[in-house]
Amino acid sequence: LDLSGYSAADIFTIALNAGNTNTTSVKLLFLTDGANYYTINFGAAASGYQILSQPKSVAVATGTPNWASITEMRVSTTSGAGGASAVNYDGVRVEDIDTLNPDYVMVSRELLAAPYSKVDGMSQEIEFSLDVNV
């Protein structure tokens, strides 16, 4: 798995359902091999369904891992002193938030405040600003 194309601003997201409040940490590990890996810590998980996110920039390297040659991904849950965690994992996703692909951005239209006259036979482009958060 090559994750080197994702920048430090891109986000890793994990969806899970915690059956109790005893989960003190949820982590994703991206291994080049057993001694070289990145760890992304999402922190404690509250009870119930949740979606947790962290940017790639918080990944902590152990050894000398390489984002371009990830061979394994692990999910790690740590339980607190109160007993075992009860966690069901739903999905993991990486979101490329700093490079927008125009194929996946909304096309919009805006009603003009006043009519605009177009000359017959002449092409015309109308531009307007639109704030979009993707």
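Here, residue 1 is the first one in the sequence, and each next residue gets the next number.
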Any non-hydrogen side-chain atom of N36 less than 4.5 Å from a side-chain atom of T62?
no
Ignoring hydrogens, what is the shortest heavy-atom contact between A59 and I40? Give both atom names and the distance.
CB-CG1, 3.8 Å
For A45 and A18, the nearest pair of non-hydrogen atoms, with its separation, is CB-CB, 4.4 Å
N17 and Y89: side-chain donor and acceptor closer than 3.5 Å?
no
Please confirm whether the backbone N or O of K27 pairs with a side-chain atom of S76, one donor and one acceptor, at under 3.5 Å?
no
Check side chain to side chain contact (heavy atoms under 4.5 Å, CB included) between S69 and all other residues, then give those that pass, not counting sequence neighbours.
T32, N66
For T78, which residues count as a side chain to side chain donor-acceptor pair (under 3.5 Å) partner, sequence neighbours excluded?
S25
Could you tell me whether a side-chain N or O of N20 sits under 3.5 Å from a main-chain N or O of A46, the two making a donor and an acceptor?
no
Salt bridge (charged side-chain N to carboxylate O under 4.0 Å, His left out) contacts touching residues 57-80 (sequence neighbours left out)
E72-R74
So OG1 of T23 and CD of Q50: to nearest 0.5 Å the spacing works out to 8.5 Å
Could you give all pairs that pass the side-chain hydrogen bond (donor to acceptor under 3.5 Å, both in side chains) test and reach residues 51-60, with sequence neighbours left out?
T13-S53
Measuring from atom CG of N88 to atom CG of L16, what distance do you get when rounded to the nearest 0.5 angstrom?
9.0 Å
Test question: given the 4.5 Å side-chain rule for I, L, V, M, F, W and Y, name all other residues clustered with L31, or answer none.
L29, Y37
Should V94 and V58 be regarded as members of a common hydrophobic cluster, given that ILVMFWY residues are connected when their side-chain heavy atoms come within less than 4.5 Å of each other, either directly or indirectly?
yes
Which atom pairs, donor and acceptor, lie under 3.5 Å between side-chain atoms of residues 1-11 and protein residues at least two apart or in another chain?
residue	atom	partner	partner atom	Å
D2	OD1	S4	N	2.9
D2	OD1	S4	OG	2.5
S7	OG	A9	N	3.2
S7	OG	D98	OD2	2.4
D10	OD1	I97	N	2.9
D10	OD1	D98	N	3.4
D10	OD2	S7	N	2.8

On a heavy-atom basis, the closest approach of T21 and S47 is CG2-CB, 3.7 Å
Quick check: closest heavy atoms across T77 and V87, and the distance to 0.1 Å?
CG2-CG2, 4.0 Å
Joint cluster assignment, W67 & V60, ILVMFWY side-chain distance < 4.5 Å:
no
Assigning hydrophobic clusters by single linkage (Ile, Leu, Val, Met, Phe, Trp, Tyr; side-chain heavy-atom cutoff under 4.5 Å), is V75 placed with Y49?
no
Look up atom OH in Y38 and atom CG in L28, then write down how far apart they are to the nearest 0.5 Å.
14.5 Å
